[in-house]
Structures are given as C-alpha cells and as structure tokens.
2 protein chains.
Amino acid sequence: MRNENLSKDIQRIETATMADKVELRLREFLKKKAFKPGDALPKELELAEALNVSRNVVREALSRLRMLGMIESKKKRGTILAEPDVMGGFERVMDPLILDQKTLQDLFELRLVLEMGLADILFARITNKDIEGLERIVDKEVNKIQQPFRVKFEIDFHSKLYQMTGNDTFLRFQNILLPVFEYVVKEEQLLTGKAKVGKVTHRDLLELIKKGKPEDFRRGMKEHLSPHFARVNKRLM
Amino acid sequence: MRNENLSKDIQRIETATMADKVELRLREFLKKKAFKPGDALPKELELAEALNVSRNVVREALSRLRMLGMIESKKKRGTILAEPDVMGGFERVMDPLILDQKTLQDLFELRLVLEMGLADILFARITNKDIEGLERIVDKEVNKIQQPFRVKFEIDFHSKLYQMTGNDTFLRFQNILLPVFEYVVKEEQLLTGKAKVGKVTHRDLLELIKKGKPEDFRRGMKEHLSPHFARVNKRLM
DNA sequence: TTTGATCAATATGTAGGACAAAAAAATTTC
DNA sequence: GAAATTTTTTTGTCCTACATATTGATCAAA
C-alpha cells in the first residue's frame, strides 16, 4: 500500500504537466498568503509571468480551482477567492462518476454507518418543530404504500433526520450519497424480487425519538436497516 | 434556501463559460456512451470541432476532469477514461481548502458520527489478526504517554478501526478527515489548556471488541469521545 | 451640485495557429 | 527476421489577436 502510493506520487511528479504544477503552486500560494474570501488574486498575465509559463497554462489551473468553487472570476474585476465550500466540490467530483461495483458497495456501507452513528447528535439537537415535521412525513406515508411512493417517503424521512442534526455539511453529504443508496436498493430489489424492509417502521423510529434514548433509537435503526446489514455481512464470504 | 439555490442556478447558467458547458457536455457524454475505463475519448480537435469551440476551451474542460482523476491523457495514446476513484477526487477537493470554522466543526462532527456508527460493520468483519494488530498498538501506547506520541497513537488506533472494516473507501475517507480532527483537537487544547480524554481508554475499547457486543463497544466509544461530544452539545446554545 | 450618458481602460473569455515532445506505427537496414 | 530509423499522431505549451463585460473617468445637462 505504502509502496503503491509512493510510486504513484513519483509518477505524478514525473509526468506532471505545467498545469498540474501551477495548480499546486496556486493552492500553496492561497494558503501561504492567508487570503480571505473576496481577496483578489493577481491577474492571469502576472501569474503567467511570475511562474514563467504561458497564460494558457495558468488558465487551465485556474479553471480547475474555479470548478471546485475555490475562486470566482469576473470580467474586469479579476479573480477573487471564493467562500470555501467542500461539499460543493465533492458534489462535482461525485455526481457523474461511473462508479464501479466495489465503490458503490463501499459507499452504501458508509451510509449505513452514518445512519447508525447519527443518533447522538440527533438527540442533542432535536426540537419540537423537528418532531412535528417527522410526524407529517410519517402520516403521509401510511396512506400511500405503493411502490413509487415508498422510495420517496424513505428518502424524505431519512433526509429529515440528517437535516435535524443541524449540520449542513452532513446533510449535503447524505444528499450526495442518496443516488448510490437508491441504486443499490433498486438493484437489490431486482435480485431478490421484492423490497425488503425491516420490522421497525418509520413510525416506530419516530416513537423512539420521542420517548427513547439514543441507544434505543440506534437499536431501532439497526432493525430498520437489517435487510441492508444482511447484505453487508454476506460480503464477508 | 430554495430561492437562493434557484438564483444561484440561474446566475450560473447565465454566466456559464464555454468551458463550463463543455465540461458538462463531456460528463454527459461519458455517462451516455457508457464508456468503460480504458476506453479512448475523441481527440481534442475532434471534440473542439464537434462542440464548435476552440481547442483551448476543450482543454480547460478536460483539464478539470483530469484533475479529478476521471480521465488520463498520454502523448500519443490520446485521452482515456480512468478507473473511477471517488476518494481520489475528494482528496484533491479537500486537501488545501481553507475551510471556515463552521465547516470544520461540521466535519468534526461527521467524524464523530462515523466513529459511533462503525461498530456493526467492525464486528461483522473483524479477524484475529486485526485484534493482534490492535494489541500491538495499545501495548506501545502504554509505554509512551508523552504529548507528541499521544496524538500518533490516537491516530493509529482509530485508523486501524477503520481499516478493520475492510472498506477501503471508508478508510480513505477517514484519512481525509484526519487533518480536520487534528486541527480541531489542537485548537481545543489551546483553549482549555489541556487535552481532554474520556475515561475509557484504547485498551478498554480493545477489551470491548474482544469480549463485548457492538452495543457495548459503542457505549465505550461514546465515553471515549465524551469530551468531544461535550463540545458538540455546547454548540447548541 | 447632482444626475445621467458616454467613452476609455482593463481583465477575463474565446479563437486559432504554431511548434515541441513523446510514443506508437511504419519503414528501412543489416 | 530483428534491430534501428523515420514517420505519424496526439497531447502539451506558447503566442497573438480580438470579443466582452465591467469599472472608472470624463463630460453634458438639469
């Protein structure tokens, strides 16, 4: 593992294009100079001159940072450091990737871990308004149990849980993972013929939130997700 | 929130540069055509012609995808679709970002959630060899309790836990989060004068892994992390 | 003096041409 | 037939030119 990483690094340095190097330099530059959001970067031509590369190369590097939301450019004003937004970058990385089976599985598990781990923060932050919100979702759910709706309610309920942690990054992260979850579950359905659901329903979970402790909720969630956990254990073989 | 997003989107479409559009097109193209890793993309000039833009613009877009590790280019061979590697992309996004305080806090919490949630997968996959590995780490730890070593062992122990899940993506994800954790803990130390540690030690956790159940381990972990959870609750105010 | 319009300056965005460099493919040479 | 050489191809880099939007200044009018 270590060796593999090393060789990758060496290769990277060897084959690094000017744009790669400039990108690195710019990142260092931004860190070093302790730029604040809104601060203006040097102009492209200045950078090109200072780095001794063509403006073209500088633009490629800037284009990358711009895509990640690290900087913003305007016609005359120049280029400025943007508000940092990790998840914005992550969304862009994740979205269209044709993920391989292994990674899909890994991400699926990651989401299971999140669901199991969120209990403590959830209970620390929960408000009455949140509970009302959950009530509404669960109420709607009992009326429509047809397949196309089921998935929607599933998402609504669990998304609400993340939202209730009051942690935006967390919420956005789960939103990114959502497609993965949907895909794997859909695939699971195709394989086994039917959607598997644990014995503990969303309503049960809600009751646990209202009356129980984090540990109880977690136990419920584990049962709720048990079909998926079964899948996890299977992979052991 | 919704309105803010909307206005952001509208603005984005309006101000979208050619490179932005081409990037999008390429991503769609890669998805649509169901390219497999190793498949060759059209040449830059062909793309430029097909998209009716200059080669410059195409290169900016390709440069972005290349940075994320979605594609690889070689001198004569052309450009090929790379093995997808989400975390590789994420690392690049995350690494040098000057994160704001709020995001740091959010990510810190995300890691707490992971630690609390990993018990089930951990117990499902654990091997005797893993336990031996943990033993070694804990043994070394008891001898050297000086400050500079403490952090190292802290990292070693917890990293080992992630590694034991057998989920590479998970492990790499925690590695990315590591700097955040270190930073926040260090800051915490400066503030309170001394590193706070929960009553449950790494050795205790190891015993729980050997003899206990996931629930017990989780309870232990919560106690082990209790100083950090205290911080989480504080933020409620 | 204030307001509004016009114009010049400027930095990014886009286009297109040229050549270097590497690597594969084709050709020649022994 | 194998080795050495040349050709071809595609990305990487540089350069110049111009479009475009925006800022700031200048000027005109009320």
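Throughout, protein chains are lettered first and strands after them, A, B, ... in sequence-line order, and every chain is numbered starting at 1.
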*Interatomic distance, A/Ile71 CD1 vs C/dT12 C1' [rounded to whole Å]*: 11 Å
*State whether A/Glu109 and B/Arg125 are salt-bridged, where the test is any N-O pair (Lys NZ or Arg NE/NH1/NH2 against Asp/Glu carboxylate O) under 4.0 Å.*
yes
*From the options D/dC14, C/dA15, D/dT10, select the nucleotide whose nearest atom is closest to the side chain of B/Val57.*
C/dA15
*State whether B/Arg77 places a side-chain N or O below 4.0 Å from either non-bridging phosphate oxygen (OP1 or OP2) of D/dT11.*
no
*Could you state the atom-to-atom distance from CZ of B/Arg66 to P of D/dT13 in whole Å?*
9 Å
*asked:* Whole angstroms only, please: what is the CE-C1' distance between B/Met18 and D/dT20?
replied: 12 Å
*Worked verdict on A/Asp106 versus B/Arg172 for salt bridge (charged side-chain N to carboxylate O under 4.0 Å, His left out)*: CA-CA 11 Å; A/Asp106 281 356; B/Arg172 292 179 68 189; over 6 Å; no
*What about B/Arg55, does its side chain sit under 3.5 Å from the base of D/dG12 through a donor-acceptor pair?*
yes
*OP1 or OP2 of C/dT14 under 4.0 Å from side-chain N/O of B/Ser54*: no
*asked:* Is it the case that the side chains of B/Asp156 and B/Ser159 hold a donor-acceptor pair, with the cut-off being a distance below 3.5 Å and no angle test?
replied: no
_Distance in angstrom units between B/Ile80 CD1 and C/dA24 C1', rounded_ = 14 Å
*asked:* I need the CG-P distance between B/Leu45 and D/dT9, as an integer number of Å.
replied: 13 Å
*Does the side chain of A/Arg59 get closer than 4.0 angstrom to OP1 or OP2 of D/dC15 through an N or O atom?*
no
_Atom-pair distance (NZ on B/Lys74; C1' on C/dA20), nearest Å_ = 19 Å
*So does B/Thr17 get a side-chain nitrogen or oxygen closer than 4.0 Å to the phosphate oxygens (OP1/OP2) of C/dT12?*
no
*Shortest non-hydrogen contact from B/Val22 toward B/Ala61*: CG1-CB, 3.6 Å
*Rounding to a whole Å, what distance do you find between B/Asn56:CG and C/dG13:P?*
12 Å
*Report yes if a side-chain nitrogen or oxygen of A/Thr79 is closer than 4.0 Å to either non-bridging phosphate oxygen (OP1 or OP2) of C/dA11; otherwise report no.*
no
*asked:* When you measure from the side-chain N and O atoms of B/Lys76 to the phosphate of D/dT11, is any distance below 4.0 Å, counting only OP1 and OP2?
replied: no
_Nearest heavy-atom neighbours spanning B/Val86 and A/Val93_ = O-CG1, 3.8 Å
_Distance check needed: C/dT10 C1' versus A/Lys75 NZ, whole Å only._
12 Å
